[in-house]
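The structure displayed is predicted, hence computed values, not measured ones. Note that the numbering runs from 1 along the sequence shown for the chain. As the structure lists them, so they are numbered: ligands from 1, and atoms in each ligand from 1.
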Amino acid sequence: MTRLVFLGPPGAGKGTQARLLAAELHVPQIATGDMLREAVAAQTALGLEARRYMDAGALVPDDVVVGLIAERLAQPDARRGFILDGFPRTLAQAEGLERLLKDLGQGLDRVIFFSVSEPELLRRLTGRRVCPTCGSTFHLAFAPPKAGDRCDRCGSALVQRKDDREETVRARLAVYATQTVPLLDYYRDRHLLSTVSGEGDVAAVGRAIRNLVGRPA
Ligand code: AP5
Ligand code: MG
Ligand code: ZN
């Protein structure tokens with residue numbers, strides 16, 4: 001199974017797990033949030049448009065993200081498979097993805113939903129620190145960097161994502177509840193949905209996912 005969607009609320013651990021499993025499966029981790037943050041940093045036209053939505057904790061318009069994914073899935077490295085991390089997150093995006101994959105003669109193997117309680121999500125997001133250079137993710141309490149405020153992998157100074165401030169986190173959780181939760185039924189109806197508890201530690205969640213995709217650790 002190599003065509004996967006990681007679905008779940010902000011802070012559920014999608015990025016943490018997608019990064020590990022993608023490396024193991026030799027498929028790309030395709031994270032719309034990361035792609036949009038790169039566009040913001042590069043100050044492209046797309047980045048300038050996306051930024052307004054991201055800073056407010058709102059979703060970037062569907063046509064913009066579906067366009068990004070269409071380009072990305074057409075790249076040769078996505079032919080063998082992929083992990084979509086944070087896409088789709090509206091019904092319109094799910095329908096867009098279904099059309100794109102149909103045109104490519106592909107289909108999804110599984111959609112993995114990360115179930116995590118709201119208090120835990122708040123703890124994870126407010127304590128998250130990220131490396132602006134290599135993209136590694138840390139947590140002040142749960143995955144602390146060895147050298148204080150520097151990245152273990154590349155030594156860069158870690159930063160807090162702008163949208164990880166508490167008031168923006170609350171907006172993101174509300175957007176998730178109204179716009180993304182309907183995807184659970186959408187994929188359940190298509191017999192693609194599996195749920196994992198995202199509440200255990202990183203290794204335990206990883207084991208649950210590997211069991212589902214047929215790669216028990
Ligand atoms: P995006 O970057 O996708 O953010 P998100 O979905 O809100 O999810 P996060 O990245 O915050 O959480 P995660 O599940 O990846 O958790 P992580 O592994 O980092 O999107 C950002 C914005 O971009 C959106 O608000 C929107 O504006 C725009 N956007 C993106 N995609 C879009 C789309 N498709 N359509 C429209 N707009 C879009 O973990 C979180 C923390 O917890 C970390 O500190 C980590 O170290 C820690 N942690 C992870 N696992 C565990 C564990 N098991 N135990 C303890 N701590 C853990
Ligand atoms: Mg993420
Ligand atoms: Zn780094």
Item to check | ILVMFWY network linking M35 to F87, side-chain heavy atoms under 4.5 angstrom | outcome: yes

Checklist outcome for this item: Nearest heavy-atom contact between D163 and M54 is CB-O, 3.8 Å

Item to check | T126 OG1 to L140 CG distance, which is reported to the nearest 0.5 Å | outcome: 8.5 Å

Next on the checklist: Is the positively charged end of R190 above the ring of Y186, judged by distance under 6.0 angstrom from the centroid and angle within 45° of the axis?
Outcome noted: yes

Checklist entry - Do you know how many protein N, O or S atoms are within a distance smaller than 2.8 Å of the Zn ion (ligand 3)? => result 4

Item to check | Those protein residues which place at least one heavy atom below 4.0 Å from ligand 1 | outcome: P9, P10, G11, A12, G13, K14, G15, T16, T32, G33, L36, R37, M54, A58, L59, V60, V65, G86, F87, R89, Q93, R124, L125, R128, T137, F138, H139, F142, R161, D163, R172, G200, D201, V202

Next on the checklist: Please enumerate all residues that pass side chain to side chain contact (heavy atoms under 4.5 Å, CB included) together with R79, with sequence neighbours excluded.
Outcome noted: P76

Checklist outcome for this item: Heavy atoms of Y187 and P88 approach each other most closely as OH-CG, 3.3 Å

Item to check | Residue pairs fulfilling ring pair (Phe, Tyr, Trp, His ring centres under 6.0 Å) with at least one residue in residues 127-154, sequence neighbours excluded | outcome: H139-F142

Checklist entry - How close do Q29 and G15 get, heavy atom to heavy atom, and via which atoms? => result NE2-O, 3.7 Å

Item to check | Modelled atom types, side-chain donor and acceptor of S117 and E199, under 3.5 Å | outcome: yes

